[in-house]
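Since the model is a prediction, treat every value here as computed from it, not as a measurement.
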Amino acid sequence: VMLSRSQNRIGDKYGCEKPSIWISYSDDLLEWDNYKLLCSGKEDWETKKIGGSTPPVKTEHGWLLLYHGVAQGEEGDYCVGAMLLDLNNPEKIIARTKVPIMVPEYDYEIQGFYSGCVFPTGAVVVDDTLYVYYGSGDKYCCQATCSLTELLDYLLSDCLN
């Protein structure tokens, strides 16, 4: 299973007007087909585009996916959201944050080659700690942490689809 964002799959033909997250499948990891629209931006902070960021993390409640969203406008910041996909059918979104869980706030996130950017690229769970590795300002590599249990509880209590 692969999650992707194509700049080419946009328009009425594809069912989305902005870059969105797509899901596809392959038997040999070489040929990918059957692209299906997984989700598009719908909240204010992700109206310009969204895309997958970290590889999904398997949890007892589903696949945890951290993704990025960008708001419309010249100054659109890259922010981070989270969603939970069904373990057996990753095309089914169980929960999705309505507000970003990470926003650019520190100098090294606000100033850089791309100002206003937190862009997660890796996630690892050790015990109950989710370690998120992210780029900031397209200049630095950073790490943030949170309780995996708290994030899952938040998704399952306040963010159900």
Side-chain angles (χ1 to χ4, degrees), residues 1-5 16 18-26 29 32 35-72 76-112 114-161:
V1 177
M2 177 176 68
L3 300 174
S4 62
R5 182 189 78 202
C16 61
K18 307 289 181 190
S20 302
I21 299 174
W22 292 79
I23 189 167
S24 57
Y25 303 88
S26 174
L29 302 180
W32 297 88
Y35 287 91
K36 297 178 184 176
L37 180 62
L38 180 64
C39 60
S40 293
K42 60 182 180 178
E43 305 297 338
D44 289 343
W45 64 275
E46 57 183 20
T47 53
K48 184 175 184 179
K49 60 184 168 182
I50 65 171
S53 291
T54 65
V57 174
K58 188 175 184 179
T59 74
E60 65 181 304
H61 300 289
W63 294 102
L64 174 64
L65 173 66
L66 300 182
Y67 69 99
H68 66 274
V70 181
Q72 291 287 0
D77 288 343
Y78 275 76
C79 299
V80 181
M83 66 177 73
L84 200 57
L85 307 177
D86 186 83
L87 282 175
N88 298 313
N89 178 8
E91 294 176 31
K92 179 182 175 190
I93 299 172
I94 298 168
R96 179 175 171 184
T97 53
K98 293 175 179 35
V99 296
I101 59 171
M102 280 181 71
V103 299
E105 58 182 311
Y106 299 107
D107 287 343
Y108 55 88
E109 297 167 343
I110 296 171
Q111 301 167 2
Y114 186 96
S115 299
C117 180
V118 288
F119 194 99
T121 56
V124 176
V125 176
V126 178
D127 297 323
D128 184 50
T129 302
L130 175 65
Y131 293 85
V132 179
Y133 301 92
Y134 70 99
S136 67
D138 279 1
K139 189 173 181 180
Y140 301 104
C141 294
C142 303
Q143 177 192 44
T145 61
C146 70
S147 162
L148 178 63
T149 300
E150 287 180 21
L151 179 55
L152 291 172
D153 286 349
Y154 171 65
L155 280 164
L156 293 169
S157 63
D158 294 342
C159 306
L160 293 174
N161 253 5

Next on the checklist: If you compare all heavy atoms of Glu109 against all heavy atoms of Val103, which two are closest, and at what distance to 0.1 Å?
Outcome noted: OE1-O, 3.8 Å
Next on the checklist: Just verifying a value: how many Å separate Gln143 CD and Tyr131 OH, rounded to the nearest 0.5 Å?
Outcome noted: 6.5 Å
Checklist outcome for this item: By salt bridge (charged side-chain N to carboxylate O under 4.0 Å, His left out), Arg5 pairs with (sequence neighbours left out) none
Item to check | Closest heavy-atom pair and its distance - Thr121, Pro55 | outcome: O-CD, 3.8 Å
Next on the checklist: Looking at Asp128, I want to see if its CG is surrounded by more than 12 non-hydrogen atoms of other residues, nucleotides or ligands under 6.0 Å.
Outcome noted: yes
Item to check | Separation of Glu43 CD from Thr97 OG1 (nearest 0.5 Å) | outcome: 8.0 Å
Next on the checklist: Tell me which one of Phe119, Tyr114, Tyr134 satisfies ring pair (Phe, Tyr, Trp, His ring centres under 6.0 Å) with His68.
Outcome noted: Phe119
Checklist entry - Looking at Lys48 and Lys18, what are the two nearest heavy atoms and their distance? => result O-CB, 3.3 Å
Checklist entry - Shortest non-hydrogen contact from Tyr67 to Gly51? => result CB-O, 3.2 Å
Item to check | Expected output: side-chain Thr47 to main-chain Gln72 donor-acceptor under 3.5 Å | outcome: yes
Item to check | Nearest-0.5 Å distance, CD1 of residue Ile21 to CE of residue Met83 | outcome: 4.5 Å
Checklist entry - When rounded to the nearest 0.5 angstrom, what distance separates CD1 in Ile94 from CG in Leu156? => result 7.5 Å
Next on the checklist: Taking OH in Tyr133 as the centre, count heavy atoms belonging to other residues, nucleotides or ligands within less than 6.0 Å. Is the count above 12?
Outcome noted: yes
Item to check | Flag if over 12 foreign heavy atoms under 6.0 Å of NZ, Lys58 | outcome: no
Item to check | Heavy-atom neighbours of Tyr25 OH exceed 12 at 6.0 Å | outcome: yes
Next on the checklist: Using 0.5 Å steps for rounding, measure from the CG atom of Leu65 to the SG atom of Cys39.
Outcome noted: 7.5 Å
Checklist entry - At their closest point, which heavy atom of Ser40 faces which heavy atom of Glu46, and how far apart are they? => result O-OE2, 4.5 Å
Next on the checklist: So, using salt bridge (charged side-chain N to carboxylate O under 4.0 Å, His left out) as the criterion, who are the partners of Glu105 when residues are at least two apart?
Outcome noted: none
Checklist entry - If every non-hydrogen atom of Asp86 is compared with every non-hydrogen atom of Trp63, which pair is closest and at what distance? => result O-CD1, 3.4 Å
